[in-house]
Amino acid sequence: MAATPPISPVRRKQVLRVLFISLLLDLISFTFILPLFPKLLEFYRNLEIEKSGTVLSRILYGLNAYKNSFSKPINDRYDIVLLGGAMGSLFSLCQAIASPIIGTLSDRYGRRTALLWSMVGNIASVALWCAATDFRTFLASRVVGGLSEGNVQLALAIATDISSDEERGKTMAMVGACFSIAFTFGPALGAALSQITTVAANPFATAAGVSLALIVTETIYLYYALPETHPRQQQEPRANGDTKHVTPIPEHRSERTNSHLLLNLTHFSFILFFSGMEFSLPFMTYDLFAYHASDSGRLLGYIGLVASILQGALVRRMHPLRVVQLGVLSCAAAFFILGRLETERGLYAAATLLAVTSSTVVTGLNSLSSFEAGSEERGEKLGNHRSWGQFGRALGPLGFCTMYWWAGRGVAYAVGGAGMIGVLGLVFGGLKPPKGLAKLKSRSAAAVVASE
């Protein structure tokens, strides 16, 4: 029998609504900066290039020393590519360090408490971006944001807390849909807001200010609307965070199928290659088609729109393992297209495949990982799972952008495509369907037959 979530159906719908709204606010705010990175880094480089002793000047000095170690001459315009990769890697490294800690704290003190403290760090991070008139302050904002960003993993833990095994795939797809919708609107909004200058010393302050307003609104909303969902609390949650003691519901432990090590290794391997390609897109389109922030925002918006449609129409109805397999196949095909494309039509064909990948792989892996974790360790296990992915994301942008910068687009995407074929071996040859979910579906089918 499937585990019964310690929460009523009415309360479950209320929590899902809070989760959906808060994640949308958080992820739209988060995606504001994505299309701005090339121009944002160019702004700080032009601002501080003549100054000595600054953080950025020291980074650029090391960058030039690294460039000179290659026998092949490398154009200075690619400095922004590698610098952008380093910034993406730093943020993800901070997340990889913090994710297991945040997950463990949520197991001990509750999801709501851990999430609200995470939001305090997010507010501090975006506030620093608003005030970032120099690169050092902007760098500090990324470090603070990376160390405090726990919204996604805690949302997954909350979604698992309130869902039975049978409901879990649909609930995870809802979380994935938030990503897709955010990528539809967030980058385009960020690009549009970057055209509005309200602070001369920081031309990106308008986008940062709106991002801060969204994060503050989300925090207030969570404080008043989100109840505690951790079963360990043995309490009935109320909307204002108060609790009422009730008899705990014994947890049903499903039979384990996939080891956490295999799931984590698959997550790491996929994100390692995917994140490098994902982070290089704005730089590749800038180099190949002279894309500006608005063009990059439109491209990311298209990916988000297609992914959100797929999340609602297809992914929520598919088995988690099939979801992962479909997404990795699409990603491998996209890599080889990106390595050879010459037209915007080809770019959008690859973007369609990437939309399939964005709507499937991470959602499916999170769902598979949640099946292997009991309620007492769910925050920790999902935090570890996210940490492996973030380590991949820390290495991917820097490594991929370095390869793109040194060997060229064709070689970089060919290597990425070969790596994704290796991931295909893991998802088709290593991962198996959760036994507990298979039993649930068999019982459901038998019940339908019996009723007929």
Side-chain angles (χ1 to χ4, degrees), residues 31 34-35 37 81 84-85 88 176 179-180 182-184 187 266-289 291 295-311 313-315 318 322-365 389 392-393 395-397 399-405 407-428:
T31 56
L34 296 182
F37 253 111
V81 176
F179 276 89
S180 302
F183 271 87
T184 302
T266 303
H267 195 201
F268 169 82
S269 303
F270 168 74
I271 294 293
L272 176 69
F273 295 104
F274 178 76
S275 66
M277 175 272 299
E278 180 184 47
F279 201 84
S280 74
L281 273 180
F283 303 106
M284 184 199 72
T285 54
Y286 178 68
D287 185 39
L288 203 60
F289 302 114
Y291 266 24
D295 302 305
S296 295
R298 191 180 308 113
L299 176 66
L300 294 175
Y302 170 77
I303 294 174
L305 177 61
V306 175
S308 61
I309 293 172
L310 291 172
Q311 286 278 1
L314 182 65
V315 175
M318 291 178 65
R322 301 292 173 256
V323 163
V324 175
Q325 291 170 342
L326 172 64
V328 177
L329 275 171
S330 297
C331 190
F335 261 107
F336 291 110
I337 291 175
L338 287 170
R340 294 167 174 78
L341 68 86
E342 297 180 355
T343 65
E344 288 189 85
R345 180 177 295 180
L347 174 64
Y348 273 84
T352 303
L353 292 171
L354 293 178
V356 175
T357 301
S358 298
S359 67
T360 52
V361 180
V362 174
T363 296
L365 286 175
R393 195 173 291 276
L395 297 174
F400 194 88
C401 289
T402 299
M403 190 181 304
Y404 181 100
W405 178 52
R409 173 170 61 98
V411 172
Y413 286 110
V415 171
M420 202 55 63
I421 290 174
V423 178
L424 281 172
L426 288 174
V427 300
F428 279 95

Does any part of the side chain of R409, heavy atoms only, come nearer than 4.5 Å to the side chain of L288, both counted from C-beta?
yes
The test is side-chain contact (heavy atoms from CB on, under 4.5 Å); show your working for L426 and V328 and say whether it passes.
CA-CA 10 Å; L426 288 174; V328 177; over 6 Å; no
At their closest point, which heavy atom of L314 faces which heavy atom of L326, and how far apart are they?
CD2-CD2, 4.4 Å
Nearest heavy-atom pair of F335 and F273: which atoms, and what distance?
CZ-O, 3.3 Å
Under 3.5 Å donor-acceptor, T357 side chain and G327 backbone:
yes
Looking only at non-hydrogen atoms, find the nearest pair between S275 and G396 and report the distance.
OG-CA, 3.7 Å
Validation row: S358, F274 side chains within 4.5 angstrom (heavy atoms):
yes
With a 4.5 Å limit on heavy-atom distance, are the side chains of Y348 and V306 in contact?
no
Verify side-chain contact (heavy atoms from CB on, under 4.5 Å) between T352 and Y302, making sure each step is shown before the conclusion.
CA-CA 8 Å; T352 303; Y302 170 77; 2.7 Å; yes
Test of understanding: with side-chain contact (heavy atoms from CB on, under 4.5 Å), list the residues that count as partners of A332, not counting sequence neighbours.
M420, L424
Exercise: identify the closest heavy-atom pair between F270 and C331:
CE1-SG, 4.2 Å
Show every side chain to side chain donor-acceptor pair (under 3.5 Å) that has at least one partner inside residues 333-343, sequence neighbours left out.
none
Tell me every residue that passes side-chain contact (heavy atoms from CB on, under 4.5 Å) with L347, counting only those two or more places apart in sequence or in another chain.
M284, T285, F289, Y291, L299, L338, L341
With I309 via side-chain contact (heavy atoms from CB on, under 4.5 Å) - residues at least two apart:
L305
Nearest-0.5 Å distance that lies between atom CZ in F268 and atom CG in L365:
14.0 Å
With R322, which residues qualify under side-chain hydrogen bond (donor to acceptor under 3.5 Å, both in side chains), at least two apart?
Q325
Between A355 and I303, the two heavy atoms sitting closest are CB-O, 3.5 Å
By side-chain contact (heavy atoms from CB on, under 4.5 Å), L353 pairs with (sequence neighbours left out) S330, A333, A334, I337
State, with a plain yes or no, whether a side-chain heavy atom of V427 is found less than 4.5 Å away from one of V361.
no
